[in-house]
Amino acid sequence: MDGVILKAQNNDFNKGIKSFLLSGLKNGVFDSFILSMQVPAKDSYAWILTYDEGLVKSSTPISPIMTVQGARALKSLRTGTPTQKIAVVMRPCEMRAVIELSKLNQINLNDLILISYDCPGTLPIKNYLEDPEKGEEVFNKILLDWDDKNIRETCKLCDKVSVQEEKTFQSDLHITTLGIEQNNFAIISNSEKGIEILNELKLEIKNLSSRDEPVKKIIETRRKNRENSRKELIPQLIGLDALSEFFSKCINCKVCRSVCPICYCRQCYFSSEKVKYSMEDYLLQASTRGNMKFLPSLLFQVGRMTHMSLSCVNCGACEDACPMDIKVGQAFSYVGDNVQKLFDYLPGRSFEEPLPLSVYREEEFKEIEN
Amino acid sequence: MNKKIKINKSVETGLKELLISLLESRKIKAVFTLERNKDAVYYSLITDLEKVDQASPFLPFMPANGGKLLSKLTDIKSISEPIAAVIHPCELAAFIELIKKQQGSLDNLLIISSVCPGVMPINNISETNLDEKIKKYFESAKNSNIPTGLRENCEICSRIIPTNADIIINLMDKDIDNSFELYINSEKAEKFLGDENGEILDSDFDFANNTFPQNIKDIISQKEKNRIAVNEKYKFDQLGMDGLIDLFGKCIGCHSCGGVCPICYCELCDFDSAEHEYKKNVLKSDLNSRAGVRLPPNTILYQLGRLNHISTSCVGCGMCTDVCPVDIPVGMIFSSIGNSVQELFKYIPGENLEEANPITVYKKEELTNFED
Amino acid sequence: MENNILVIGAGITGIEASILLANAGKHVYLVEKSPIIGGNIIKFEHVFPNFECATCLVSPRQQEVLQNSNIELLLLSEVKKVTGKPGAFSVKIKKQARYVDMENCIGCGACYDVCPVKIPNEYEENLMQRFAIYVPYSGSLPNVPAIDTENCIRFAGEECNACQESCMFEAINYDEKDEELDLKVDAIIVSTGFQQHKPVAKYGWGTIDDVYNAFEFERIFASNGPTTGEIKKKDGSEPKSIAIIHCVGRDENKYCSAVCCINSLKFIHYLKEKIEDIKITNFYRDLCLPGKKYDKFAGDMKSLGTDFIRSDDIEISSGDKSILVNYMNGDAKKQLPADMVILSSSIEPQKDNNDLAKVLGIELDSFGFFQESDPDFGTETSTRDGIYIAGCAQAPKDIQNCVTQAQSAVEKALFQFNLK
Amino acid sequence: MKERIGIFLCECGPNIAEKIDLDKVKEALEHLPNVVIVARHKLFCSLQGKEFLKESIKENNLTRFVIAACSPKQHELTFMIVAEDAGMNPHLFQMANIREQCAWIIEDKDEATKKAILYIKAAYKRVIYHESLDKKEIVANPDVLVIGGGIAGIEASLALAGPDRKVYLIEKTESLGGKIKEFDEVFISFKNGQSIIDERLERIEKEDNIETRLQAEVIDVKGFLGNFIVIVKTGDSEEKIQVGAIIVAIGFELINLSQLKGYGSLDCDDIYTGLEFEKMKKEGKITTKSGSVPKSVGIIHCIGRNEVGYCSGVCCLSSIKFSKYIQDKLPGTNIFEFYRDLTLPDKAYQKFYENIENKGVNFIQADDIKIANEKGLKIKYNKNKSTQPVDMIILSPAYVPAKDSNSLAEMLRIPRDDSGFFTEEHPKLAPVNTSAEGIFIIGCAQGPKSIKDSISQAHAAAGKILASIIPGKKLEPEVRISYINEAFCIGCQKCLNTCNYGAIYFDNLKFISIVNEVLCHGCGNCIASCNSSAIQLKHFKDIQMHQEIIEILR
């Protein structure tokens, strides 16, 4: 892969990225930005849309925690933006969700320039909140050594951390640090739009083959992690009893749904009048087994799975937010992988790939027919 | 109706046996109460008397506000056959607030509640030394102490007496491991209970006139003190805009607090509707007036809006804090501000089914002190 | 002006015209000589090019005819006399007694179970039998039987009232009388349709087993037909090879019926659906596939697997083990054995067109179809003012064009009275 | 108001009564909440049955009812009328099909009874959630816009224009008449094309209710059946025209010869398209470029059939007509017609062909034809084995859709099929309608066809309009239609593509989809495509179906 190499003094990638963005602003390739930024109380991060140089400078493009999944933030711009070249810096999983939502017209990609970066994973919000300052420190270290001890469980299993020849996600530009010389980072064009931008900036394109090996290694590690963790997970998910047990702690708060970038419905079916039953119905249900968890939550979980697993990007936001520490993200990711395989579909792989359920292919599912 | 029934059994066994006998005699069709299964705790609708044994009616947890659940059970229409429900005082209060919004009905519900020592944060359920903790909890309650490790909200909650319940059990009672007392607080309860259940005595509680034994009074005043202390700590009344931003700055707009809130009864929250999405021109003017805007918008406005919408009815149950993924003390804020608002209107949510929510009625003299 | 219009023939053309006129606020007398409505289209299991089930396709329209209060349906009826002029025609209708009350009958079928008479069912191309009290097909509309007095033994003088006794609804009335109706109408639309050509002797139809004409094969494939859709030879075995002969009757009639080619190609789909490895050979002269959709349809059908042999001289004879198709290929005489032969026979004018033309005072063309006033600009106008022709009564055509003509004839009828 | 529900059990003579224990059914239903009457009758669809039902509804003040009988396909309408007669909204009842789905298919009486009870309970559960649906009426503008002033458009305009109905005839060229003007003689009547048009122009002239716009085009269309607003641009001026229906009659074009492959050298002298040859005939002089009389002429059919993928249906005939032209004008010229499959549908064509053939035209069947220009024009065929030298070649090119059909289709939101012609609503039963109600397609805009068929279609569309948009009469649209809950719509626009009737449009300000109540047919496709269940179909709402299903699954 080819790309441009830029300086990041003292390995401060955030600073390097910001100066790249600001040079883009000067050259007119960007006119505004959507970036992650520390909140005034310095204990969390939020997304801002800005064209102000000062705000860009105080932003943190690569932040230690994922609070609002980026796609959810972009969704609030779906009716249009006043600026036309908004550079958006987000994680690969956020990019993938952005692409999924764009297929449902929830995000308009026309005015956005999507910039992804090599993501080592993020810290669990809860751990970070215990001591934000320490969290910053820990994360800065992770950015350099990619040690996955302190990152979220779901991140440990993520193999879509960087761009490589085999396309697993799309953005316009990709910031890469893996395998790049100390105090440097590189930018790869990951789309037509990206190529145009790098051309416009007249930066020297260099071969970045040095990153092939480290990227491959990380991906392999992650895949192995996933395999290992799935060995444990799968038996907990197969069969109704197991599944029921898996979600038994669920308190129906539905925060998993609220933070999910893919759950786009305004009124969730499972919160609508359609699932309101009368007392008689509930009693009848309870009397078949003698007792019944009230309100039952398994149907919600399975229902949400059927609705969004095709587009699940395994961002782990749900698991991070679950007050009961259910491994909901990992469960969805497992089911999602399998469903996506059925349709040979990878959410967020490309701008053009249509949602499988919105297209009809004559040959699909032939094997099930007989 | 100052009567109580004394039952010479430990409180949990005694209550379960009572419930079983009610089921057996078909006086009730089902029991709604807490159940614990390994590290899961949930409300359960039990119809089979053999399953009552699995229940843990007094487990100090609140997986969901029971008032909200009872509303779901009785929303479409009232219950046709009696059900006994064991819930906490704040859950009952929430339920009554919902009934005022036509979202439920007390018909045929036999409400059993307790003088409540409080509950623990819901995620404690997975802790390894939980049984030990629960034991300690009951030990404190028995000795009229406030248990440790409660929800923050429970620490400042002085509405520990479920004055509207049909049957009330005092958990702050020294003898509770050997005998306990059921206070019969309604005609409905009298229909279900009689001397076959135990010895009938005169009650030392007068729920109608708020007369309680000294140990309970002490706890209430301790909790009131706690509330004042918390108010002083957070200074909710002096936050100002910056303070609010500091407090809610972390909010990610997931709206889970509203999702679990029993008082948030709207089918579709206004803040989830398209009304609260950025419109292009609004965004443009926002960007012109400020250097940057936050995405998604209105996270703080949501909190203020919700506060506005529910503060008169907030029962301070603390569900919201429990589910907040970014650890904002939502429940404390709402409870404190709710409390002040409720004081303004002299309104106690859930106290009286007949009393209308103050924002739905107009009184000529109200808030006159703000007029100048 | 009477605001009444007479439509003769309740096939798809007559149905379309009647519904349209009724919607326009006209009172429609829909005269049909058979006991049911639907005409030829309901014989088809599937219609090209989309393979819709024809009965499903038309049954909503049939229901509409039955339920529309502006349409007066006169079944088992024939037009006997027409006098007067446009805007004031007097029409005499002979309506045969049905002997079954349309209001009371619920179509339960109890009556035909007890009928002692069994005769070939002409609606099923005589491939199965019916009773003297009968509905032509299962699923016919209206779902009310009629008594066929020609075959009913009671009407032949014998003592039998089996059907009446079996009816729980007192719907059967032997005393019902034929009626003569006098109608006043403004205009008349003739949509009497067509009949299928009877293949001449050289095709072996009626003499050699397993030689069928198109409608017979259509019924064999029909799920509500004699074999409930199973394609079998007379001896019960499954045919392994089949020959489809196009243009049967073209030489005799001197015209191309325009729809037989594509209909014959549709049979490939019928056959392959039931017998996957059947060998199919189409004998054709020119594949006549006019229109935007038909070439593609033909391509799809060809891809299912069939041979095409171009030949205009075909004779069918019976061989030892199978049927033989004798044909000329160039100057060479050739033979092809087949287990079954389908003759795609042409569309022909109804045999009683002549009588009806006389009654209506309109002309027939040299083929026996009703003569249009202008071959380019007035195909729906007959040679008499106020009388319109539509569908295969005017010329052979496909369903689409029949419906078009029905709509066009309606416009002309309405136009005549300046009802625009 | 408290609900009062009635349940009516039809015995259907012996059909149901003998196979289902109706007493048991009655017993099982009587105690259902709010059920005030459970009654049976021998036959509810009979006169007495209907009367009984009507009286029961009135006497018991029923608010809803269930009727357990046959298939709703058979008698739903019957009972809707009874309900209306009894002063009830006709949508407040539900049929349970205990005949076809129970009595007729289950041998065991107990089983059938059990199933019948389930079905009736399901219907009872469902009917509780039924809602009154009120009829709507919309005022319809009877005026019609005809796009395209060819023969089809002219015929349709003349058929429709009248004292109560105005017709706007829009033609993009400077004169009416279309392609037919260019034909010297039209098939089958052999009338002169120009005189046919002239005769009709005279009538248009006299008709006050036809307004013609020449050199005009439609640039925007909004609205729906009965209420279209069309912006027509004539020269530099734009005008707004309001009509109730639109007829599209934009005709066809001939395939561009440069798109063709495999015919060899098509760009040499003395190769003419059919239309060029018509012109030559009209001018009265059939000669080669060099001015000499051709001694031999080759006429090639099916030009472009492979490229377009369909048979145009008329080229064979016009090709044969060319032979007639030549025979009439230049007797003694050798004529060779190269055809693939002679397409001679309809009764009159074969005779015409036989006449021409008998007069000495050589008809040669060949699938592969090449034109060579080597020492004179040659037609090669039979895998180049046979060669026929000719002095002149006439090509019969395929008909293709008119150039503006694409933009017009987008404007009108009507689909086109693979061939590029506009798609009719149904290939059999609705050939001139489109999926957009009130928009019709006629003539070669719908597909290649002969003049007589074009004219039939023109009158057919006129017939449909005369029968549906009657001056002074209001339209009654379907009431069981989709509606979109604005609060729940996320604006993904999936439903827009699913709707076959163009009944959903997108509100760019609110950012949500909106159903046009007049155009919606209630087919339900959009509901299946709605990711966020914002769309519901009245009378088939999720909750109605769910309650029914839950009860059946008991």
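Sequence lines set the chain letters: A, B, ... in the order given, protein chains first and strands last, and positions in each chain run from 1. Basis for what follows: all heavy atoms, side chains included, without hydrogens, waters or symmetry-related copies.
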Quick check for you: to the nearest 0.5 Å, what is the distance between [X] atom [atom1] and [Y] atom [atom2]?
| X | Y | atom1 | atom2 | value |
| --- | --- | --- | --- | --- |
| Lys347(D) | Ser366(C) | NZ | OG | 8.0 Å |
| Ile81(D) | Ser69(C) | CD1 | OG | 8.5 Å |
| Gln350(D) | Cys288(C) | CD | SG | 10.5 Å |

Has Lys293(C) got its NZ or CZ under 6.0 Å from the middle of the six-membered ring of Phe421(D), at an angle within 45 degrees of the ring axis?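 Verdict for Phe421(D): no cation-pi partner in Lys293(C).
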Please look at [X] and chain C and tell me whether the side chain, the backbone, both or neither of the residue comes under 4.5 angstrom of a heavy atom of that chain.
| X | value |
| --- | --- |
| Gln365(D) | side chain |
| Val186(D) | both |
| Arg340(D) | backbone |
| Leu429(D) | both |
| Ile151(D) | side chain |
| Leu77(D) | side chain |
| Ile442(D) | neither |
| Tyr339(D) | side chain |
| Ile469(D) | neither |
| Lys473(D) | side chain |
| Ser46(D) | neither |
| Cys70(D) | neither |

What do the steps show when you test Asp341(D) against Leu289(C) for side-chain contact (heavy atoms from CB on, under 4.5 Å), and what is the final call? CA-CA 9 Å; Asp341(D) 281 293; Leu289(C) 303 167; over 6 Å; no
Mind ranking [options] by heavy-atom pairs under 4.5 Å with chain D and telling me who comes out on top?
| options | value |
| --- | --- |
| Cys256(C), Ala258(C), Ala390(C), Ala22(C) | Cys256(C) |
| Leu57(C), Ile19(C), Leu66(C) | Leu57(C) |
| Asn401(C), Ile41(C), Leu287(C), Asn23(C) | Leu287(C) |
| Asp398(C), Asn143(C), Leu20(C), Val58(C) | Leu20(C) |

Given heavy-atom pairs under 4.5 angstrom as the criterion, report whether the side chain, backbone, both or neither of [X] touches chain D.
| X | value |
| --- | --- |
| Gln394(C) | both |
| Ser59(C) | neither |
| Asp374(C) | side chain |
| Asp365(C) | side chain |
| Lys296(C) | both |
| Phe367(C) | side chain |
| Ile347(C) | neither |
| Phe297(C) | neither |

Got a donor-acceptor contact below 3.5 angstrom from the Asp376(C) side chain to the Ser189(D) backbone? yes
Would the distance check show the side chain of Lys292(C) and the main-chain N or O of Cys311(D) forming a donor-acceptor pair, the cut-off being under 3.5 Å? no
Please determine whether side-chain contact (heavy atoms from CB on, under 4.5 Å) holds for the pair Arg200(D) and Phe377(C), giving the CA-CA distance in whole Å, both sets of side-chain angles, and the decisive distance to 0.1 Å. CA-CA 12 Å; Arg200(D) 282 164 178 74; Phe377(C) 296 95; 3.3 Å; yes
Any non-hydrogen side-chain atom of [X] less than 4.5 Å from a side-chain atom of [Y]?
| X | Y | value |
| --- | --- | --- |
| Phe169(C) | Pro14(D) | yes |
| Ile106(C) | Asn15(D) | yes |
| Lys412(C) | His459(D) | yes |
| Leu466(D) | Val410(C) | no |
| Ile455(D) | Thr379(C) | no |

Among [options], which has the most heavy-atom pairs under 4.5 Å with chain C?
| options | value |
| --- | --- |
| Glu424(D), Lys42(D), Lys351(D) | Glu424(D) |
| Ile465(D), Asp417(D), Val308(D) | Asp417(D) |
| Asp453(D), Ile470(D), Ile451(D), Leu43(D) | Leu43(D) |
| Ala458(D), Cys12(D), Pro345(D), Ala460(D) | Ala460(D) |
| Gly447(D), Pro427(D), Pro448(D) | Pro427(D) |

Answer yes when Lys397(C) and Asp346(D) have at least one side-chain N-carboxylate O distance shorter than 4.0 Å, and no when they do not. no
When you check the gap from the basic side-chain N to the acidic O, do Glu16(C) and Lys428(D) get nearer than 4.0 Å? no
Thr404(C) versus Ser456(D), side-chain donor and acceptor atoms under 3.5 Å: no
Between the side chains of His426(D) and Gln400(C), does any donor sit under 3.5 Å from an acceptor?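 Side chains of His426(D) and Gln400(C): no pair found under 3.5 Å.
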For atom CD of Glu103(C), decide whether the heavy atoms of other residues, nucleotides or ligands shown that lie under 6.0 angstrom number more than 12. no
Show the numbers, then the answer: is there a side-chain contact (heavy atoms from CB on, under 4.5 Å) between Glu372(C) and Lys452(D)? CA-CA 11 Å; Glu372(C) 60 283 338; Lys452(D) 75 174 169 60; over 6 Å; no
